[in-house]
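So the structure is just underneath, and the comments pick up after that.
Just so you know, these numbers use all the heavy atoms, side chains as well, and skip hydrogens, waters and symmetry mates. Letters A, B, ... are given to chains in the order of the sequence lines, protein chains preceding strands, and every chain is numbered from 1.
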Amino acid sequence: MSSLSQKLTFIMEDAFSALDLPAENARVSVSAQAQGTQFQCNGAMASAKAARKNPREIAQNVVDHLKDSKSSDIFEDISIGGPGFINITLKDAYIADNVKELLTSERFGIASAPQGQSIVLDYGGPNIAKAMHVGHLRSSIIGDALRRMCLYAGYNAIGDVHMGDWGTPMGMILSELDLMKFDGEITMEMLAEIYPKASTACKEDKERMALARDATKKLQEGDGEYTKKWREFIDVSITGMKKNFDAMGVHFDEWKGESDAHPFIEGMINDLRDKGLAIESEGAVIVPVAQDGDKKELPPLMLLKSDGAVLYGTTDLATIMERKKSHNPIKIIYIVDQRQSLHFEQVFRAAKLSGIAPENEIELVHAGFGTMNGADGKPFKTRDGGVMRLEELISMAEKKAQTRLDEAELAKDMDEAERAGIAHKVGIAALKFADLQNNRIADYIFDIDRMTSFEGKTGPYLLYQSVRIKSLLRKAGVSDGIACDEFKVTDDDRALTLLLSELPSHFDAAMKNYTPHILCDYAFKLAQEFSSFYGNCHIISERDEVLKLSRLALCQQTYKQLSLILSLLGMEIPERM
RNA sequence: GCGCCCUUAGCUCAACUGGAUAGAGCACCUGCCUUCUAAGCAGGGGGUUACAGGUUCGAGUCCUGUAGGGCGCACCA
């Protein structure tokens with residue numbers, strides 16, 4: 001079981017091979033032309049040069065071959081267009097057979113990865129003592145979606161929040177507590193005040209900074225008193241983070257941080273020194289990672305500062321060791337701001353050079369994303385110039401959904417709790433979809449109106465269509481799978497039927513490039529196609545029993561797919577809305 | 001100075017990795033609640049894909065250059 005375009009590709013590959021044409025040119029895709037033809041293959045033109053033939057002639061050979069062969073009962077029409085496009089239209093009987101197969105397929109035709117392979121995903125990346133703001137949105141939402149996708153693809157996917165809990169900011173807080181002579185219970189509110197205060201003071205005053213550096217070093221060396229206090233405010237901080245992540249429905253399997261790599265660092269540095277990879281330079285310890293043929297001058301990865309303290313790159317490298325030991329993953333995916341691409345290039349090179357992550361054992365991927373800008377194209381700020389907190393954003397979206405619900409006739413018989421539950425699901429779907437539908441690589445404009453919009457290409461639209469189907473199936477008394485002995489395809493539902501078969505192609509593409517927006521796009525098209533079908537056709541009131549059953553099956557299949565994709569994207573469908 | 005990324009409709013974004021007439025949503029205009037949820041559907045207008053060359057049967061996509069924007073270049077994370 002696979003998508004129709006994949007099946008047709010197999011058939012086309014056979015035809016190409018039989019005619020001594022390169023099979024890799026045989027790929028069949030959904031037709032770009034809206035009307036008329038259903039699928040197309042562009043391989044004749046690609047093969048023309050090497051075969052020294054006219055592309056139309058090649059296309060004709062392929063078409064003749066296919067018409068002669070037994071697969072001819074598949075094609076309603078197969079013809080040549082333009083410079084050599086092979087256009088394919090399928091027989092309804094073949095489409096019907098395919099749907100029948102799809103209806104009983106557990107995974108919609110999506111292939112499953114070999115068992116026992118792990119992938120670690122590094123996303124979220126909140127910092128201790130800092131309030132989570134909209135900047136954490138992308139990493140969390142994209143990362144969580146990719147984790148769910150990897151899981152569905154059959155991998156043992158492990159999401160790690162990888163907190164910033166080990167750098168100089170920790171020393172800033174500890175030294176600030178010293179200066180305050182503080183000895184009570186640390187609260188979230190306190191932390192929110194202390195950190196910015198300490199950070200500013202350190203920037204302005206070199207001596208104050210020295211205190212922070214000193215405290216950082218002591219902490220990293222295992223000072224008892226500091227460790228105790230550190231543990232205390234880490235726990236407080238994590239409680240706050242969990243609140244935010246829970247509200248967004250972002251899940252982590254591990255709550256590790258930079259500090260968890262600490263036990264690996266000393267051994268790692270010694271090993272790198274022994275291998276001659278780590279060297280002293282200006283009092284610091286570095287790993288040169290430049291290679292012949294580099295276009296740019298790649299600075300070395302610094303492991304130890306001249307004062308002996310570790311850095312971001314040190315913990316990142318050691319974290320790979322830690323992950324290798326605990327999970328032995330085939331891949332580690334970092335969902336981190338694109339601006340850090342140089343840093344990851346350095347770490348990845350050092351990991352390969354040192355054998356910490358041999359190239360053929362662990363694949364290291366930086367799935368970077370663009371910077372979030374405000375409407376003016378500059379990094380996003382609220383109207384008063386501050387940073388918008390995540391909680392604020394979530395509650396804005398929820399409130400808008402609440403208002404929308406209060407206006408609706410439907411909500412009259414709902415109690416408070418049900419309304420709040422729906423408003424939450426709708427609000428979160430709006431936020432997540434607004435973010436996920438963008439290709440992750442490019443910078444994007446953070447538009448609060450778009451984030452909290454419920455019309456058009458939005459999360460709530462997808463929820464709405466799903467809810468409509470669910471309601472329809474409920475009224476029709478359909479609960480479990482519908483197996484159609486006979487499936488009837490008509491002009492009103494053919495487009496939806498064909499689209500339903502294409503999920504595997506889109507899932508594969510999204511996985512390959514780590515781009516959830518491909519799934520967003522497919523889900524939207526599917527919902528739109530369904531909505532059109534829903535508007536044009538009678539379903540429950542259809543008199544033709546075979547057609548009615550076929551259409552109910554289509555509804556259910558659409559619901560199942562939307563439900564799967566929404567869950568992969570981290571959205572929940574309410575019972576009604 | 002060196003390097004990376006970006007520039008597509010008024011706005012926000014797609015375009016299956018080189019394919020046919022570049023698609024969606026928002027906004028604007030016209031219809032549709034007496035069929036199963038109108039957070040919806042049907043239809044309309046809106047484009048020299050920043051610019052100039054090049055490669056190719058074929059370029060938004062690849063190569064070169066120019067302009068504009070963003071970012072990064074060892075003791076922050």
Selected nucleotide, minimal atom distance to H517(A) side chain, candidates A14(B), A74(B), G40(B): A14(B)
Touch class at under 4.0 angstrom, heavy-atom based, for N87(A) against every strand present: base
Nearest-angstrom distance from the residue atom CD1 of I441(A) to P of A14(B): 11 Å
Flag for S505(A)-D508(A): side-chain donor and acceptor within less than 3.5 Å: no
Whichever of G81(A) and I540(A) has its nearest RNA chain B nucleotide further upstream toward 5': G81(A)
Closest nucleotide among A74(B), A39(B), G72(B) to the F454(A) side chain: A39(B)
Q528(A) side chain, from C-beta outward: closest of A24(B), U37(B), C57(B): A24(B)
Under-4.0 Å side-chain N/O to phosphate OP1/OP2 contact, K130(A) with A77(B): no
Atom-pair distance (CG on L462(A); C1' on U37(B)), nearest Å: 16 Å
Touch class at under 4.0 angstrom, heavy-atom based, for K305(A) against every strand present: base
Sugar-phosphate, base or nothing in reach of N54(A), heavy atoms under 4.0 Å: nothing
Under-4.0 Å side-chain N/O to phosphate OP1/OP2 contact, T458(A) with G25(B): no
Sugar-phosphate, base or nothing in reach of Q338(A), heavy atoms under 4.0 Å: nothing
N438(A) (side chain) and U12(B) (base): donor-acceptor pair under 3.5 Å: no
Atom-pair distance (CZ on R339(A); C1' on G3(B)), nearest Å: 17 Å
Among C57(B), U17(B), C75(B), the one nearest K49(A) by side-chain distance: C57(B)
Below 4.0 Å: OP1/OP2 of C76(B) and any side-chain N or O of R213(A): yes
Sugar-phosphate, base or nothing in reach of T168(A), heavy atoms under 4.0 Å: sugar-phosphate
C16(B) base stacked by H506(A) (centroids within less than 5.5 Å, tilt under 30°): no
Touch class at under 4.0 angstrom, heavy-atom based, for L342(A) against every strand present: sugar-phosphate
Y312(A) and F344(A) aromatic ring geometry - parallel, tilted or perpendicular at 30°/60° bounds: perpendicular
Among U37(B), C76(B), G19(B), the one nearest Q40(A) by side-chain distance: G19(B)
Contact under 4.0 Å: Y461(A) side-chain N or O vs C41(B) OP1/OP2: yes
Nucleotide C36(B), atom C1' - distance to CD of Q465(A) in whole Å: 13 Å
Sugar-phosphate, base or nothing in reach of E282(A), heavy atoms under 4.0 Å: base
Touch class at under 4.0 angstrom, heavy-atom based, for I518(A) against every strand present: nothing
Rounded interatomic separation in angstrom, taking CG from D447(A) and P from A27(B): 12 Å
Aromatic contact, F524(A) with Y461(A) (centres under 6.0 Å): yes
Sugar-phosphate, base or nothing in reach of Y534(A), heavy atoms under 4.0 Å: base
Y534(A) six-ring centre to R468(A) NZ/CZ under 6.0 Å and within 45° of normal: yes
Residue-phosphate contact under 4.0 Å: R468(A) side-chain N/O, A38(B) OP1/OP2: yes
Sugar-phosphate only, base, or nothing, as touched by A46(A) at under 4.0 Å among non-hydrogen atoms: base
Out of G40(B), A74(B), C16(B), whichever nucleotide has its closest atom nearest the side chain of I286(A): A74(B)
Under-4.0 Å side-chain N/O to phosphate OP1/OP2 contact, R450(A) with U12(B): no
For the student: nearest non-hydrogen atoms of E282(A) and S306(A), plus distance: O-CB, 4.2 Å
Touch class at under 4.0 angstrom, heavy-atom based, for R27(A) against every strand present: sugar-phosphate
Distance, rounded to the nearest Å, where D316(A) contributes CG and C76(B) contributes P: 16 Å
Under 3.5 Å donor-acceptor, S199(A) side chain and Y195(A) backbone: no
Distance below 4.0 Å between T371(A) side-chain N/O and C71(B) OP1 or OP2: no
Touch class at under 4.0 angstrom, heavy-atom based, for A509(A) against every strand present: nothing
Donor-acceptor pair present, S281(A) side chain and A74(B) base, under 3.5 Å: yes
Sugar-phosphate, base or nothing in reach of S5(A), heavy atoms under 4.0 Å: nothing
Partner nucleotide of G18(B) by Watson-Crick or wobble geometry (both distances under 3.5 Å): none
Below 4.0 Å: OP1/OP2 of U35(B) and any side-chain N or O of K475(A): no
Selection from G19(B), A42(B), C71(B) that lies nearest to any side-chain heavy atom of S532(A): A42(B)
Touch class at under 4.0 angstrom, heavy-atom based, for I422(A) against every strand present: nothing
Y464(A) ring over G40(B) six-membered base ring, under 5.5 Å and 30°: no
Candidates A20(B), A74(B), A77(B) - which lies nearest the side chain of P299(A): A74(B)
Residues Y559(A) and Q465(A): side-chain donor-acceptor under 3.5 angstrom: no
Greater than 12 external heavy atoms within 6.0 Å of E572(A)'s CD: no
Partner nucleotide, any strand, of C71(B) [Watson-Crick/G-U, under 3.5 Å]: G3(B)
Of P83(A) and P300(A), the one whose closest RNA chain B nucleotide lies more 5': P83(A)
Between P of G40(B) and CD of E409(A), the distance in whole Å: 18 Å
Polar side chain donor-acceptor pair, Q437(A) to D435(A), under 3.5 angstrom: no
Interatomic distance, N42(A) CG vs G58(B) P [rounded to whole Å]: 16 Å
